[in-house]
Amino acid sequence: MSAPDVQQGGPWPRRGAGRSWRRTARETGNPLLREPTPAERRTRLLTWSLFVLIVALAVIGCGVVLRTGLAAERAEADRRPIRVTVVAQLQPTTASGSYLSDGLLQVSYQAGGVTRQGTLPSLFGASPGATLDAWIDHQGALVSRPQTRAVTVAQTLLAVVGGLVLLGSLALGAHAALSAWSMHLRSQEWEAEWLALDTGRTA
């Protein structure tokens, strides 16, 4: 006896071109097709709502990072580079009197026609008399390097990647949990159907 031709009106749905499996299963009355229960529908709706919420939070977070970076660029646009001369190496101490691991450099520089002094983080090999690159603000005070567009873009891209990783992890976890829960419900229904069949046969 040859196997039934499932492509010619057999008992199983055919995956025809342009026809979904679910639609074919409905048309052929496949007994294995089961509509989602109300609990499954609510859980699926909750999962999609969580997905949309995470996407919205990721977009908002990336927007905040981008706006913060652009604001920092505007606020630090007046900073300009200068050359400073190392005067001495300092070894700062904590309140308890112990030495810090990273020292400071006392430097002198010209700003506004006046010779000023300040401190910078210690650099490897920087000895008194050496010249270094530094930055000052509009008041002539030593400051850190200003925010650049490259740094802003990098921070935004990191936020995007982090958001996508978080979104993907949560979405995969929610999908796996929903699938396991649905499979458990289906298994329980199958067990109930087999029990009913066995009970009917032995009655």
Side-chain angles (χ1 to χ4, degrees), residues 42-181:
R42 288 193 297 269
T43 304
R44 187 174 291 111
L45 178 61
L46 180 61
T47 303
W48 277 107
S49 301
L50 178 63
F51 177 82
V52 173
L53 177 62
I54 294 174
V55 171
L57 291 177
V59 172
I60 293 174
C62 294
V64 170
V65 172
L66 179 59
R67 287 196 299 270
T68 302
L70 294 177
E73 289 183 31
R74 292 190 295 269
E76 301 171 359
D78 61 343
R79 298 183 179 184
R80 59 187 180 88
I82 60 168
R83 297 287 291 179
V84 300
T85 302
V86 178
V87 177
Q89 292 181 335
L90 305 178
Q91 189 69 30
T93 59
T94 62
S96 61
S98 60
Y99 286 106
L100 296 175
S101 58
D102 296 327
L104 296 175
L105 297 177
Q106 183 179 359
V107 298
S108 64
Y109 59 97
Q110 292 287 330
V114 179
T115 301
R116 302 190 181 190
Q117 290 193 349
T119 57
L120 291 176
S122 179
L123 299 175
F124 179 77
S127 56
T131 57
L132 303 173
D133 293 323
W135 295 82
I136 58 173
D137 59 14
H138 66 283
Q139 295 179 343
L142 290 172
V143 291
S144 61
R145 182 184 297 271
Q147 178 95 347
T148 63
R149 183 57 52 89
V151 173
T152 301
V153 172
Q155 291 174 344
T156 305
L157 290 178
L158 287 176
V160 171
V161 172
L164 290 177
V165 171
L166 176 61
L167 172 63
S169 300
L170 292 177
L172 288 177
H175 175 72
L178 178 60
S179 299
W181 181 63

Heavy-atom closest pair, residues A159 and V65: CB-CG2, 4.0 Å
Give the C-alpha distance, both sets of side-chain angles, the deciding distance and a yes or no for side chain to side chain contact (heavy atoms under 4.5 Å, CB included) between Q89 and L105. CA-CA 5 Å; Q89 292 181 335; L105 297 177; 3.6 Å; yes
In short, P121 meets L104 closest at the heavy-atom pair CA-CD2, 4.0 Å
Would you say that S108 contacts V87 through its side chain, given a criterion of any heavy-atom pair below 4.5 Å between the two side chains? yes
Yes or no on side chain to side chain contact (heavy atoms under 4.5 Å, CB included) for L142 and V107, after CA distance, side-chain angles and deciding distance? CA-CA 10 Å; L142 290 172; V107 298; 3.8 Å; yes
Got T148 and E73 here, is their nearest side-chain heavy-atom distance under 4.5 Å? no
How close do C62 and T156 get, heavy atom to heavy atom, and via which atoms? O-CG2, 4.3 Å
Is L70 close to R149 at the side-chain level, that is, under 4.5 Å between some pair of heavy atoms? yes
Correct closest heavy-atom pair for P128 and A88 would be CG-CA, 4.3 Å
For the pair Q106 and T119, evaluate side-chain hydrogen bond (donor to acceptor under 3.5 Å, both in side chains) and give the outcome as yes or no after the intermediate values. CA-CA 5 Å; Q106 183 179 359; T119 57; over 6 Å; no
Heavy-atom check, side chain of L53 versus side chain of S49, under 4.5 Å: no
Test side chain to side chain contact (heavy atoms under 4.5 Å, CB included) applied to L132 and R83, step by step: CA-CA 6 Å; L132 303 173; R83 297 287 291 179; 5.8 Å; no
If you compare all heavy atoms of Q155 against all heavy atoms of Q147, which two are closest, and at what distance to 0.1 Å? OE1-NE2, 3.2 Å
Examine distances only and state if a side-chain atom of R145 and a backbone atom of W135 form a donor-acceptor pair shorter than 3.5 Å. no
